[in-house]
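Everything on this sheet refers to the single structure shown next.
A quick note: this is a predicted structure, and the numbers were derived from the prediction, not measured.
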Amino acid sequence: MNFLSSIKSRNKENETSCMRAEALPPGYTSSLSPISSYNCNGNYSVYTFGMAHYGRLGDGQQSDDKPSPEKMQCLAGANIRSVHIESAHTLILLESGDVLSFGKCHFGQLGLGHEWMEAFCPQHVPFKVRISTLATGTHHSLAVSDRGQAFAWGCGFNGCLGHGDETMRSSPTLIDALNGLHCVSVAGGEYHSLAVVMQEEAGGGGHVAYSWGKGHQGQLGHGTYDSESLPRHIEALPCMSSCKLMAAGNLSGVLSFTGDKAARASSSSDGVILSWGSNSCGQLGHSADKPRIVVSPSIREQISNGMVKDARGIGVNLPEVVVHPHTPFEKMGDDSISFWTDFASGGQHSLAVDNRGNLYAWGYMLAFGSSVVSGECLCFPTKIDVDGSSGGENDEDELTTIARVACGSRHTLAFTMNGNCLVAGSNSSGQLGLGRENLGINSSSFLPLSFENLDGGRVLCGDGGTNSTILLEATNDEYLPNRLFNEVLTWVCFEGRLRTSRYDKCGV
């Protein structure tokens, strides 16, 4: 029995406990090949921990929180490409292009054809195309097919699905407004969405970004605070050869690459983070003293009259650069070696990694661990060592060299070059995975996550939701370098190279 068949069989046998969705509509036929068409030798394991409410841990129940990582046995044998969790629902993308979902479904965000019925076990989301990219918003979901088609479903408040209305969709629905464009990636915030499309269709080159949904904090990046129910081109963003999108809460961002080494050396447009939207805790990272804000005349008048006392509370409605603290950039040979390679946000806090493997953070400090008094906010990128001390140099050992970051709403995950996971922030429901003895104890420094039942592999990636965490582990060590660095870092390694010896010796 192949993997998908076994998932469907288990769900049918446990229909009550898993809250299984109705059968596929009459006449529906999937174009996907069976999951047995790719390797199911158990190269990956998925772990979930933290709050179990709404079935967000996918283990068949919603009453018992997990303070330690536990393997999802129902996913044994699956080759998994990525995992995505936001708030209380989870999407999993398989290598075949199939999609699984579980957790909260009040607005149809699981894509199973119904609302108000949680899924406590992974369910197969019906698509007629292969999916290449997924994203989760707070109450909605997005997907991109291998043909470049964009889909959205779930809560439609403020037009965040991009369908031109506020209607809820309980099944994946094609975004007609992007039809004819080749979409490559998507991101979802609380009630807004982002997409990157290839510009070749318009006769140009590179990629451009679109946004839609709620805009009250400027999170759409159009220079206004208006909402949009249809995708609209973010004209203020440059054309990019490659980029990573980010949306969380009422914040948006993009890590932009042009592929131009001269641009990287001058720090003008390569390896650059731009952010916009809510800045209530300094989570945009624009300035050491005050954020750069583009505001309407009415709001500017309120500021001058003292009606708005804290400028951080006003959203930035145009993309602004998050400057790397070390400028001018240092040089190694003919290349600059100080530029951003990854970033993430939990809505009120943000983190980034540079190509030296250093970790930087800004925004609400409790969520990312710091020796500075908890509850303070930082408005600019500040270096955070993985041992918890702020401002020191990272150990050259790959045990403490950061490759990638992910954020929950109040906690943070940092993934090292050798496949370890470090955690910091709130542990109110065990979302840090530090064991029952540490349940409810927040961590003000980054701590290594240990797995009592680890399969002997390394953690590839993960994601954080509201008080819960999901991790993807590779159980085959030999597969780790290609998997981790080809999929996580090569979008900053143009022509297959990243010119630092630390990365080179990992096989990139």
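A heavy-atom distance below 4.5 Å is not found between the side chains of Tyr360 and Phe343. Counting heavy atoms from C-beta on, the side chains of Lys104 and His53 never come closer than 4.5 Å. Residues Ser468 and Leu57 are in side-chain contact: their nearest non-hydrogen atoms beyond the backbone lie under 4.5 Å apart. Looking at heavy atoms from C-beta onward, Phe151 lies in side-chain contact with Ser145 at the 4.5 angstrom threshold. Within the 4.5 Å cutoff, side-chain heavy atoms of Val322 are placed close to those of His286. Residues Ser211 and Glu228 fail the side-chain proximity criterion, which asks for heavy atoms closer than 4.5 Å. You'll find the side chain of Val46 reaches within 4.5 Å of the side chain of Ile470, heavy atoms only. Under the 4.5 Å side-chain criterion, counting only non-hydrogen atoms from C-beta, Leu237 is in contact with Leu274.
Of all heavy-atom pairs between Gly282 and Trp362, the closest is O-CD1, 3.4 Å. Taking every heavy atom of both residues into account, Ala236 and Gly221 meet most closely at CB-O, 4.4 Å. Pairing each heavy atom of Tyr225 with each of His216, the nearest pair is CD2-O, 3.3 Å. Pairing each heavy atom of Val254 with each of Cys243, the nearest pair is CG2-CB, 3.6 Å. Summarising the geometry of Leu134 relative to Ile131, their closest heavy-atom pair is CD2-CG2, 3.8 Å, with the distance given to 0.1 Å. In plain terms, the two heavy atoms of His139 and Gln109 that are nearest each other are O-CB, 3.5 Å.
Between Gln348 atom CD and Asn279 atom CG the span is 11.0 Å, to the nearest 0.5 Å. Note that CG of Asn442 is 10.5 Å distant from CG of Leu434, once rounded to the nearest 0.5 Å. If you take OG on Ser82 and CG on Leu91, they are separated by 9.0 Å, rounding to the nearest 0.5 Å. Taken from NE2 in His192 to CG in Leu251, the straight-line distance is 7.0 Å, to the nearest 0.5 Å. Separation of atoms CD (Gln431) and CG (Asn467) is listed at 4.5 Å; rounding is to 0.5 Å. The CG atom of Asn158 lies 5.5 Å from the CD atom of Glu166; values are rounded to the nearest 0.5 Å.
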Query - Worked verdict on Ile234 versus Leu220 for side chain to side chain contact (heavy atoms under 4.5 Å, CB included) - result: CA-CA 8 Å; Ile234 305 177; Leu220 301 187; over 6 Å; no
Report task. For Glu115 and Ser170, run side chain to side chain donor-acceptor pair (under 3.5 Å): C-alpha distance rounded to whole Å, both residues' side-chain angles, the deciding distance at 0.1 Å, then the answer. Result -> CA-CA 6 Å; Glu115 308 90 34; Ser170 60; 3.3 Å; yes
Query raised in the report: Between Thr90 and His84, is a side chain to side chain contact (heavy atoms under 4.5 Å, CB included) present by the stated rule, with each step listed?
Result: CA-CA 6 Å; Thr90 299; His84 309 264; over 6 Å; no
Query raised in the report: Can you list the steps and then say if Glu320 with Leu284 is a side chain to side chain contact (heavy atoms under 4.5 Å, CB included)?
Result: CA-CA 8 Å; Glu320 291 281 351; Leu284 295 184; over 6 Å; no
Query - Verdict with supporting geometry, Cys281 and His349, side chain to side chain contact (heavy atoms under 4.5 Å, CB included) - result: CA-CA 7 Å; Cys281 298; His349 72 292; over 6 Å; no
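Side-chain contact of His89 with Ser87: a donor-acceptor pair under 3.5 Å is absent, judged by distance alone. Thr173 and His163 form no side-chain donor-acceptor contact under 3.5 Å, judged by distance and modelled atom types alone. In this structure, a donor-acceptor pair under 3.5 Å is absent between the side chains of His207 and Ser242. Remark: the Ser101 side chain and the Gln123 side chain contain no N/O donor-acceptor pair separated by less than 3.5 Å.
At least one donor-acceptor pair closer than 3.5 Å links the side chain of Asp354 to the backbone N or O of Gly357. In this structure a side-chain-to-backbone donor-acceptor pair under 3.5 Å is missing from Asp146 to Ser132. Under a 3.5 Å cut-off, the side chain of Ser252 and the backbone N or O of Trp276 do not form any donor-acceptor pair. Judged by distance alone, with hydrogens and angles left aside, the side-chain atoms of Gln199 form no donor-acceptor pair with the main-chain N or O of Val208 at under 3.5 Å. Under the 3.5 Å distance criterion, the side-chain polar atoms of Asn427 are matched with a main-chain donor or acceptor of Asn438. Side chain of Trp340 to main chain of Val272: no donor-acceptor pair is present (N/O by atom type, distance under 3.5 Å, no hydrogens or angles). Not a single donor-acceptor pair under 3.5 Å links the side chain of Ser141 to the backbone N or O of Thr136. Checking side-chain atoms of Trp116 against main-chain N and O of His106 turns up a donor-acceptor pair under 3.5 Å. Remark: side-chain polar atoms of Gln149 are not paired, donor with acceptor, to backbone N or O of Leu174 under 3.5 angstrom. The backbone N or O of Thr167 sits less than 3.5 Å from a side-chain atom of Arg169, completing a donor-acceptor pair.
Tyr210 and His233 have tilted rings, their planes meeting at an angle from 30° to 60° on a 0 to 90° scale. Using cut-offs of 30° and 60° for the angle between ring planes, the Phe127 and Trp153 rings count as perpendicular. Aromatic ring orientation, Phe107 versus Phe157: perpendicular (interplanar angle above 60°, classes split at 30° and 60°).
In summary, of the residues considered (Val83, Leu460, Leu413), a side-chain contact (heavy atoms from CB on, under 4.5 Å) with Leu471 occurs for Leu413 alone.
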